[in-house]
Colleague: 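Can you keep this structure in mind? I'll have questions shortly.
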Amino acid sequence: MPQPLTRTLRAAASAVLVSLLALTLSSCAPPADGPAAASEADLGAEDGYIPEGESVSPYADDLPTIANLDLDLRAALQRAAADAAADGVEMLVTDGWRSERYQQLLLDNAIRNYLSEEEARKWVKTPEESTHVRGLAVDIGPTDADSWLSQHGNDYGLCQTYGNEMWHFELAVRPGETCPAPLNDASAG
Ligand SMILES: [Zn+2]
C-alpha cells in the first residue's frame, strides 16, 4: 500500500509550504538582519533596500533607511535638504541605513562584478565596517545635489568621505568647520 508514503510526502509538502509562508511573513517583521539574502529579491524596505536608480526623500522618517540613521546625521541631512531646496536643488537619498544582510549582498555582488575582492573593497565595505550599516552615512543624488552638498555640506558637518564616491556623505566635522580631505576610496579607511 503506497498510502503511508503519500501521507509522508503530503506532510513534507505542507512543511515546505509552512516554511515558505513563514519566510514571506518574516520579511514584514523586524528585526531587519535576518538570514542571508540570496538576491535583491529577498530584500525589502526593512533592510533599508532602495532599488537601483530609485531614491527617497530625506524626510521619509517612516522608512527604515531614513529612520535608522544616526539622529544627528538625519537632522543635519534634513537641514541641508531644506536649504538646498531653497536654492532650487532637490536633494534625495539613494542609500541610507542598510541591514547587515543587504550590505553583505552588495559586497558579494561587487566581488562578482569586479572579479576581485580587493577591487570590490574599494567600493563596498563589509557589514562590520560599513558606516551605512551603523546609520552613519548617506548616499545623495542627483548629481546637482552632490555638487551642492560638497560645496555647502560642512555648514551642517556633512563631508564627502571618499574621493571616488561623490555621493557618499558622513557627519565628520562640527557645523562650519572645514571637511578633511576625502580618502582615495573605501578600502583606504
Ligand atoms: Zn555610501
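All values below were derived from every heavy atom in this structure, side-chain atoms included, with hydrogens, water molecules and symmetry-related copies excluded. Sequential numbering from 1 along the given sequence is applied to the chain's residues. Counting starts at 1 for both ligands and their atoms, following the listed order.
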Colleague: Which atoms form the tightest heavy-atom contact between Phe169 and Ile140, and what is the distance?
Modeller: CD1-CG1, 3.9 Å
Colleague: When you measure from the Zn ion (ligand 1) to the N, O or S atoms of Glu165, does any of those distances fall below 2.8 Å?
Modeller: no
Colleague: For the side chain of Arg98 and the backbone of Ser130, is there at least one donor-acceptor N/O pair under 3.5 Å apart?
Modeller: no
Colleague: For the Zn ion (ligand 1), which N, O or S atom of His168 is at the shortest distance?
Modeller: ND1
Colleague: Can a donor-acceptor pair be found, under 3.5 Å and without considering hydrogens, that links the side chain of Asp185 to the backbone of Ser187?
Modeller: yes
Colleague: Which one of Asp139, Thr94, Asp146 satisfies the side chain to side chain donor-acceptor pair (under 3.5 Å) criterion with His168?
Modeller: Asp139
Colleague: Which angle, to the nearest 10 degrees, do you find at the Zn ion (ligand 1) between OD1 in Asp139 and NE2 in His132?
Modeller: 100°
